[in-house]
Amino acid sequence: MSHITLVRHGQANTEARDETSYDRLSDLGTQQARWLGEHIARSGEHFPRLYCGSLTRQRQTAAAISLANHADPVIDPRFDEMEFFTLAALYRDQHNVPIPEDREDFADHLPRLFAAWQAGEIEGPPESFDRFETRVRDGIEDIGKGDGRAMVVTSAGVIGMAMRLTLGLDLIGFARACLAVENTSLSRWLPLRGSLALTQFNALPHLEDAERQFARTHL
């Protein structure tokens, strides 16, 4: 069966306020990915196709998962995250909207940011909203055409966009999906007659034990 599993990268540098500083795993993020790899090995699940975005935190996560008897992942920049910090800084400078400091503020800020981005009200973005949406759609559709199970190590925005494309989410729903995605969580889609069916979202089987509850993170 040719289903697609999207894995969010492990916890990154949570103190960062720019793209470069954020783009590396924390020690906990590396451990989260190792535990995921161990869980997959115990389950006996096999992924003949592995993919990864080009960002450092995504590649570090894929390396820490370290699936035995698997080839190195194909690096595909279509699964890179949107540049949130860059967009948020432009939105702040151009529209006087502060960058959020905590998760509650993110819940209000992100839909507004997405609406301004989609409407072209943010000048000089790294890419347009439509371009982000298109590259995620194209990447997932291309993988869906292949044979065998596929794993893609990516980021919350990409997974949220996959949810938007699958379920027809508006911008508020898209933003909430992005905020819900936990580090190293598994979300799965099944290609069906030219479309995608969501079969699992944000699962953390490797962090379900009581002694690992501390390791569940969103940021």
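Below, each value reflects all heavy atoms present in this structure, side chains not excepted, and no hydrogens, waters or symmetry copies.
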Are any side-chain N or O atoms of [X] and backbone N or O atoms of [Y], one a donor and one an acceptor, separated by less than 3.5 Å?
X      : Y      : answer
Glu19  : Phe84  : yes
Arg49  : Gly148 : yes
Asn183 : Gly29  : no
Ser155 : Gly157 : no

The test is side chain to side chain contact (heavy atoms under 4.5 Å, CB included); show your working for Arg188 and Leu190 and say whether it passes. CA-CA 7 Å; Arg188 289 182 167 172; Leu190 178 66; over 6 Å; no

Closest heavy-atom pair and its distance - [X], [Y]:
X      : Y      : result
Ala177 : Val181 : O-CG2, 3.1 Å
Val136 : Ala162 : CG1-N, 4.3 Å
Leu192 : Ala197 : CD1-CB, 3.6 Å
Glu133 : Arg164 : OE2-NE, 2.9 Å
Asp80  : Val158 : O-CG2, 3.3 Å
Ala62  : Val153 : CB-CG2, 4.0 Å

Only pairs at least two apart or in different chains count here, so list each ring-ring contact (aromatic ring centres under 6.0 Å, His included) that has a residue in residues 169-205.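 Residue pairs with at least one partner in residues 169-205: Phe114-Phe174.
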
Just wondering, more than 12 heavy atoms not from [X] lying within 6.0 Å of its [atom1]?
X      : atom1 : value
Glu15  : CD    : no
Arg135 : CZ    : yes
Glu211 : CD    : yes
Asp209 : CG    : yes

Is there a side-chain contact between Ile122 and Leu113 in this structure, where contact means two heavy atoms from C-beta onward sitting under 4.5 Å apart?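 Of all side-chain heavy-atom pairs linking Leu113 with Ile122, at least one is under 4.5 Å.
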
ring-ring contact (aromatic ring centres under 6.0 Å, His included) partners of His39, counting only residues at least two apart: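 Once residues adjacent in sequence are excluded, His39 has no partner under the ring-ring contact (aromatic ring centres under 6.0 Å, His included) criterion.
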
Could you work out, with ring-ring contact (aromatic ring centres under 6.0 Å, His included) as the rule, every residue matching Phe132, not counting sequence neighbours?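 Phe132: ring-ring contact (aromatic ring centres under 6.0 Å, His included) contacts with Trp117.
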
With a 6.0 Å cut-off on ring centres, are Phe85 and Tyr22 close enough?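 Yes - the distance between ring centres of Phe85 and Tyr22 falls below the 6.0 Å cut-off.
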
side-chain hydrogen bond (donor to acceptor under 3.5 Å, both in side chains) between His206 and Thr184, intermediate numbers included: CA-CA 9 Å; His206 55 300; Thr184 64; 2.9 Å; yes

Which residues pass the side chain to side chain donor-acceptor pair (under 3.5 Å) test with Arg78, sequence neighbours left out?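 Asp76, Asp142.
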
What residues form a side chain to side chain donor-acceptor pair (under 3.5 Å) with Thr14, not counting sequence neighbours?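 Partners of Thr14 by the side chain to side chain donor-acceptor pair (under 3.5 Å) criterion come out as none, since no residue qualifies.
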
Pairs where residues 57-66 contributes a residue and the test salt bridge (charged side-chain N to carboxylate O under 4.0 Å, His left out) is met, not counting sequence neighbours: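 Salt bridge (charged side-chain N to carboxylate O under 4.0 Å, His left out) check on residues 57-66 returns Asp23-Arg57.
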
Report the C-alpha distance between Thr217 and Glu182 in whole Å, list the side-chain angles of each, state the deciding distance to 0.1 Å, and finish with yes or no for side chain to side chain contact (heavy atoms under 4.5 Å, CB included). CA-CA 6 Å; Thr217 58; Glu182 297 186 56; over 6 Å; no

For the pair Ile159 and Thr154, evaluate side chain to side chain contact (heavy atoms under 4.5 Å, CB included) and give the outcome as yes or no after the intermediate values. CA-CA 8 Å; Ile159 297 169; Thr154 182; 3.9 Å; yes

Stepwise salt bridge (charged side-chain N to carboxylate O under 4.0 Å, His left out) check, Glu101 with Arg17: CA-CA 10 Å; Glu101 294 294 332; Arg17 292 297 179 267; 3.8 Å; yes

Can you measure from SG (Cys178) to CG (Leu169) and round to the nearest 0.5 angstrom?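 Taking SG in Cys178 and CG in Leu169, the distance rounds to 9.5 Å.
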
